[in-house]
Amino acid sequence: MPELPEVEVVRAGLERHVLGATITRVEVLHPRPVRRDLRGQAGFAAALTGRRIEAARRRGKYLWLPLDNGDALLGHLGMSGQLLVQPPDAPPERHLRVRIALAGAAEGRELRFVDQRMFGGLSVSAGGAELPPEIAHIARDPLDPEFDDDAFVRKVRRRTSGIKRQLLDQNLVSGVGNIYADEALWRARIHGDRPGDRLTATQARELLRHAREVMVAALGEGGTSFDALYVNVNGESGYFDRSLHAYGREGEACERCGTPIRRIAFMNRSSYFCPVCQPAPRKRRAVVPRVAAD
Ligand SMILES: [Zn+2]
């Protein structure tokens, strides 16, 4: 699944390659990726045709391209989505779902949405140029210059839910994802089940700093693969092989203490952690109601 740094790489790529382009033709090859657009396939195509792309923006893992009429082309890559900028005569990709022909600033190029599993998709957001209302509830991500660190720390420490669950809560902080959460927790030496209200402000702040560092490192590496492929996201950038300390390393020695990394089930996924560096929280003492002895 593309994580936030990769989505940011795609955003930066779109900014470089399709800014100022005019959409001349839209071809929907499969209905599922445009299912969220209530106009239907033909309406989706009509709403885009003739419009000029003014910018490339992102909130969490959502991308949008503001259009010259105040609407926006809103996209999410889901589990396996890719946005590619291709010459029109490039052979169609196996899972090509939507092709958007461009003129003007991107003369002779096509923006292609390729998605094997089709959890992602595209839609036209009415009036969404500034911020699509569909995603206005999603919190900013740690790489966003306007992310509020103090508010994050305050909110985390008010909640009793586990810190990993909180890191994955898109209403609190967006775009962290399972892999970056595990990596940030390992770096901060915090177990994912530790309740937010049992973190110190310093710990919460440090954890945020680590999450940011992990994401920035991934962003740097994703940028390398981007230049070779225009806009490409496949969820398997070189970052995953070279720089992970916990995620995907079950049974391998912790790089700090040598203890084998453990894997446990977590919300239909997995959590990887070092049981020594990241000790499990002690259970809260159960409050046993006293029964009057009479
Ligand atoms: Zn360790």
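One-based numbering, in listed order, for ligands and for the atoms of each.
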Do R52 and T22 have a side chain donor and acceptor closer than 3.5 Å?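 No, no side-chain donor-acceptor pair sits under 3.5 Å.
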
Ignoring waters, how many N, O or S atoms from the protein are under 2.8 Å from the Zn ion (ligand 1)?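 Count of protein N, O, S atoms less than 2.8 Å from the Zn ion (ligand 1): 4.
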
Look at D149 together with R209 and state whether they make a salt bridge at an N to O cut-off of under 4.0 Å.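 Salt bridge between D149 and R209, a charged N being under 4.0 Å from a carboxylate O: no.
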
Mark yes or no: R256 above the aromatic ring of W186, with NZ or CZ under 6.0 Å from the six-membered ring centre and no more than 45 degrees from the axis.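 Geometry flag: set, cation within 6.0 Å and 45°.
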
If two hydrophobic side chains count as joined below 4.5 Å and joins carry through other members, does V173 share a cluster with Y62?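 Not linked; separate clusters.
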
Test R140 against S174 for side chain to side chain contact (heavy atoms under 4.5 Å, CB included), laying out the working first. CA-CA 6 Å; R140 292 182 189 276; S174 66; 5.5 Å; no

Within the 4.5 Å heavy-atom criterion, are L111 and L65 side-chain neighbours or not?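 Answer yes - side chains close enough.
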
